[in-house]
Amino acid sequence: MDSSEILKVIAEFNEKTHGSSDYDKGEFFLRGENSSSFAPLKFVQKKLEGLGGVGSLLKQGFVCDSLELFELENFSKWYEKQFSKKLKRGQGKGISILGLPDNKSIFDAVETVNKCYQVLSQQQILVNGKKLPVQLGEWYGKCIFGLHQKKSTSQRGFDFYLDDKRVEVKVHWGDHSSPKGVKVRKSLIELSEFCVIIYVAKNFMIREVCFLDSEFIKRKFSSKGHTIFLKDVDISPYFFSKSDKHTSKVVNSSALMKFSNPNLAMKLVDRFGLE
């Protein structure tokens, strides 16, 4: 069956609301041409004889995702509008969404990512199996503070040095920090003189930088376990956007300004200028 027929039926379902129906109790919903329209599978099956079940849709190229896994906000809004009731969390756990991926866009993106990875590998930014945001953040730290990256003698991976002092570099990827804070291994802090935290935004630019003395961390964040959590509320006074205590450690202010988000760059402009 042509997928265009399925999409037409999904669009038909969205032409009116269905608060008086029992379609709200379905476990499988199909996504339409945009991310804000859906239809219960049993409605589409009713309209299209011989459609079959989930298995037949998967064979046609549909992909099945758990609503709970992806937390699709658009679906919750759509559900409330369609059925005049809020989607209960317990019910949401049992719902799955079937959608047709935009294969051309995905293929183009894969080609672009492959080219980007080749460039980053050639520039010695991607050098091991760590995730891209982590390696990029480490590279930012290496450029900004002039860190020397050496192959570790005690573990797999690399160590960073500022002159002859070991530096623990932690990268946090996201537009917001976790309430728990940035997790660092206590043993690595004990082995280092400094700890640099590079906060990389979702757009891969630097949103914040924090340079801390390891002794300060050990003194202020005593822990009985193997892990220390550096919460924003405790270390934000040392963020580069708020403090110039460690800005003297910056050896390449041009890299810092170039790879910072506009918000951070504007806060640092008086200190480093726009180069």
Side-chain angles (χ1 to χ4, degrees), residues 120-121 123-178 180-221 223 226-232 234-261 264-265 268 272:
L120 295 174
S121 296
Q123 295 298 318
Q124 299 299 308
I125 294 173
L126 296 179
V127 293
N128 55 33
K130 292 181 182 178
K131 295 179 180 178
L132 170 59
V134 174
Q135 293 192 69
L136 185 61
E138 290 178 344
W139 183 80
Y140 286 152
K142 186 166 63 172
C143 290
I144 293 167
F145 299 106
L147 304 180
H148 187 185
Q149 190 174 19
K150 299 180 182 178
K151 193 167 183 64
S152 176
T153 56
S154 59
Q155 59 183 342
R156 292 182 179 181
F158 297 86
D159 291 332
F160 296 91
Y161 291 88
L162 182 59
D163 297 325
D164 60 345
K165 296 181 178 180
R166 192 180 184 283
V167 181
E168 174 64 15
V169 178
K170 290 296 298 182
V171 178
H172 179 277
W173 185 39
D175 292 333
H176 305 283
S177 299
S178 165
K180 292 183 178 180
V182 176
K183 182 172 69 173
V184 295
R185 286 170 56 187
K186 186 177 180 181
S187 59
L188 295 179
I189 294 297
E190 291 173 342
L191 290 171
S192 63
E193 279 76 25
F194 304 109
C195 177
V196 174
I197 306 173
I198 306 292
Y199 296 83
V200 179
K202 285 291 186 180
N203 65 357
F204 296 104
M205 303 297 282
I206 301 169
R207 69 176 179 86
E208 192 57 84
V209 178
C210 190
F211 194 112
L212 299 169
D213 295 307
S214 294
E215 285 296 328
F216 165 80
I217 296 175
K218 288 185 284 186
R219 184 175 65 253
K220 186 173 178 63
F221 301 92
S223 172
H226 302 292
T227 304
I228 298 173
F229 289 93
L230 302 176
K231 298 181 180 180
D232 281 9
D234 296 319
I235 63 174
S236 61
Y238 303 95
F239 284 177
F240 269 34
S241 61
K242 299 180 180 180
S243 171
D244 62 358
K245 181 177 180 180
H246 286 293
T247 52
S248 61
K249 301 287 196 313
V250 173
V251 299
N252 188 342
S253 59
S254 176
L256 173 60
M257 299 299 290
K258 185 180 297 182
F259 295 112
S260 289
N261 266 348
L264 176 60
L268 299 177
F272 299 107

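What you see is a predicted model; the values in this text were computed from it and never measured.
Side-chain contact check for W173 versus L136: every heavy-atom pair is 4.5 Å or farther apart. Between S260 and L256 there is a side-chain heavy-atom pair separated by less than 4.5 Å. Inter-residue side-chain proximity for I206 and Y199 is flagged as unmet; no heavy-atom pair is nearer than 4.5 Å. The shortest distance between side-chain heavy atoms of K165 and F194 falls below 4.5 Å. The shortest side-chain heavy-atom distance between F221 and I235 falls under the 4.5 Å cut-off.
When all heavy atoms of C143 and V251 are compared, the closest pair comes out as O-CG2, 4.0 Å. Residues K180 and F229 come closest through the heavy atom pair O-CB, 3.1 Å.
Between E208 and S241, the side chains place a donor N or O and an acceptor N or O closer than 3.5 Å (distance only, hydrogens not considered).
Centroid-to-centroid, the aromatic rings of F160 and F145 stay 6.0 Å apart or farther.
At distances below 3.5 Å, not a single donor-acceptor pair connects side-chain atoms of S243 with backbone N or O atoms of F240. In this structure, the side chain of R207 engages the main chain of G174 through a donor-acceptor pair within 3.5 Å.
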Inset, instruction - Evaluate side chain to side chain contact (heavy atoms under 4.5 Å, CB included) for I144 paired with F259, printing each intermediate quantity in order. - result: CA-CA 10 Å; I144 293 167; F259 295 112; over 6 Å; no

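When the shell of 6.0 Å around CD of E190 is examined, it contains more than 12 heavy atoms from other residues, nucleotides or ligands.
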